[in-house]
Amino acid sequence: MANLFQTFTNTVKHWYIPLIFGILFLICGFYVFSVPIATYVTLSILFSVSFLFSGITEIFFSLQNSKSLQGWGWFLVSGLLTTAIGVYLIANPQISMTVLPFVIGFTLLFRSFQLLGFAFDLKSMRIMSWGNVALASIGGIVFSLLLIFNPVFTGISLVTLTGVSFIFMGIASIMLALDLRKVKKIPGKVSQELRDRIQSIQEEIDDLKNK
């Protein structure tokens with residue numbers, strides 16, 4: 001019910017931010033496919049910049065939407081984690097081939113679970129395309145796990161796993177942004193009178209909870 005009240009009375013701010021780092025992840029994913037395995041470690045610079053940028057913008061997005069999105073805290077945690085990973089990679093540009101896949105894998109795994117949670121938030125808001133975000137997020141989870149446990153799956157190259165993981169993350173982020181754009185338009189379709197009634201009902205429910 002709280003999600004429904006928020007959807008009707010608040011508008012999503014800066015919905016395009018997930019779109020930006022979704023495109024960024026897609027670029028990273030396709031670029032990874034273009035480099036040989038020997039230069040994989042040199043990509044840590046690309047990963048560090050992309051994580052740092054997406055982390056900072058995600059923190060900004062979460063704080064701007066703390067009153068609009070029920071799960072804004074997940075965006076904040078994800079932003080802080082991604083920023084920390086970006087700083088770590090910048091501080092360790094010569095990170096080894098053994099460690100880098102785990103760092104990338106766990107970061108993408110967390111973000112995939114975060115997007116999966118938001119997919120179910122979209123479902124509660126009656127956004128019909130929530131399933132697309134969920135499927136892309138699940139794809140990100142699968143390939144992130146394969147990236148983490150890569151030594152077991154010797155038939156799949158490290159480059160392929162990394163590239164596909166980034167691509168699924170990018171697709172999920174872009175789909176989420178487009179769905180948030182739909183959520184943003186909902187309050188504008190609701191009359192001020194109905195919005196005031198909804199707010200009044202919410203206040204009454206809050207009073208009952210506090211008694």
Side-chain angles (χ1 to χ4, degrees), residues 12-32 40-66 68-96 99-122 133-134 136-150 158-159 161-180:
V12 176
K13 299 177 182 177
H14 310 295
W15 63 269
Y16 51 83
I17 286 181
L19 176 66
I20 293 174
F21 52 73
I23 294 173
L24 179 64
F25 283 164
L26 279 182
I27 293 173
C28 288
F30 286 115
Y31 183 72
V32 167
Y40 182 85
V41 175
T42 63
L43 289 175
S44 62
I45 298 175
L46 174 65
F47 296 150
S48 64
V49 172
S50 63
F51 284 162
L52 191 60
F53 174 77
S54 63
I56 292 174
T57 54
E58 196 166 25
I59 292 172
F60 172 77
F61 177 80
S62 66
L63 295 177
Q64 288 292 305
N65 289 282
S66 60
S68 303
L69 294 175
Q70 184 74 9
W72 70 274
W74 285 108
F75 267 117
L76 178 60
V77 173
S78 176
L80 292 172
L81 173 64
T82 307
T83 301
I85 295 299
V87 171
Y88 173 78
L89 291 177
I90 289 176
N92 298 275
Q94 302 303 319
I95 190 171
S96 70
V99 176
L100 184 57
F102 288 99
V103 174
I104 303 300
F106 277 113
T107 304
L108 296 180
L109 181 64
F110 181 86
R111 294 184 68 93
S112 296
F113 273 113
Q114 172 218 16
L115 288 173
L116 182 61
F118 262 95
F120 287 104
D121 282 344
L122 292 172
V133 179
S137 301
I138 291 172
I141 291 171
V142 170
F143 281 96
S144 296
L145 289 173
L146 290 177
L147 182 59
I148 293 170
F149 297 106
N150 180 62
L158 196 61
V159 170
L161 289 174
T162 305
V164 173
S165 297
F166 269 104
I167 289 171
F168 269 106
M169 275 297 306
I171 292 173
S173 295
I174 291 172
M175 288 180 174
L176 174 63
L178 296 178
D179 284 337
L180 288 178

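Sequential numbering from 1 along the given sequence is applied to the chain's residues. Just so it is clear, the model here is predicted, and its values are computed rather than measured.
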query: If you round to the nearest 0.5 Å, how far is OG of S62 from CG of L76?
result: 4.0 Å
- request: Tell me, yes or no, whether the heavy-atom count around F110 atom CZ, taken from other residues, nucleotides or ligands under 6.0 Å, exceeds 12.
  value: yes
message: Name the residue from L115, V133, L116 that meets the side chain to side chain contact (heavy atoms under 4.5 Å, CB included) definition with I138.
response: L116
message: Please report the interatomic distance CD1(I171) to CD1(I23), rounded to the nearest 0.5 Å.
response: 12.5 Å
query: Do the non-hydrogen side-chain atoms of I85 and F106 ever get within less than 4.5 Å of each other?
result: no
- request: Taking the side chain as every heavy atom from C-beta outward, state whether F168 and L108 have any pair of such atoms under 4.5 Å apart.
  value: no
query: S165 side chain to F143 main-chain N or O, any donor-acceptor pair under 3.5 Å?
result: yes
- request: Decide side chain to side chain contact (heavy atoms under 4.5 Å, CB included) for I148 and L109; before the verdict, give the C-alpha distance in whole Å, the side-chain angles of both, and the deciding distance to 0.1 Å.
  value: CA-CA 9 Å; I148 293 170; L109 181 64; 4.0 Å; yes
query: Looking only at heavy atoms, what is the nearest atom pair of F61 and P18, with distance?
result: CE1-CD, 4.1 Å
- prompt: OG of S173 to CZ of F25: how many Å apart, nearest 0.5 Å?
  reply: 6.0 Å
Gap between atom CD1 of I27 and atom CZ of F21 - 0.5 Å precision: 14.0 Å
query: Just how far is it from atom CD1 of I104 to atom OG of S144, taken to the nearest 0.5 Å?
result: 10.0 Å
- request: Return each pair, listed once, that meets salt bridge (Lys or Arg N to Asp or Glu O under 4.0 Å) where at least one residue sits in residues 52-65; pairs must be two or more places apart or across chains.
  value: E58-R111
task: Check the pair L26, I174 against side chain to side chain contact (heavy atoms under 4.5 Å, CB included), reporting the backbone distance first and the verdict last.
output: CA-CA 10 Å; L26 279 182; I174 291 172; 3.4 Å; yes
query: Can you name the residues that form a ring pair (Phe, Tyr, Trp, His ring centres under 6.0 Å) with F47, not counting sequence neighbours?
result: F166
- prompt: If you measure from CZ on F51 to OG1 on T83, what distance do you get to the nearest 0.5 Å?
  reply: 11.0 Å
task: Answer whether the closest heavy-atom distance between the side chains of L89 and V103 falls below 4.5 Å.
output: yes
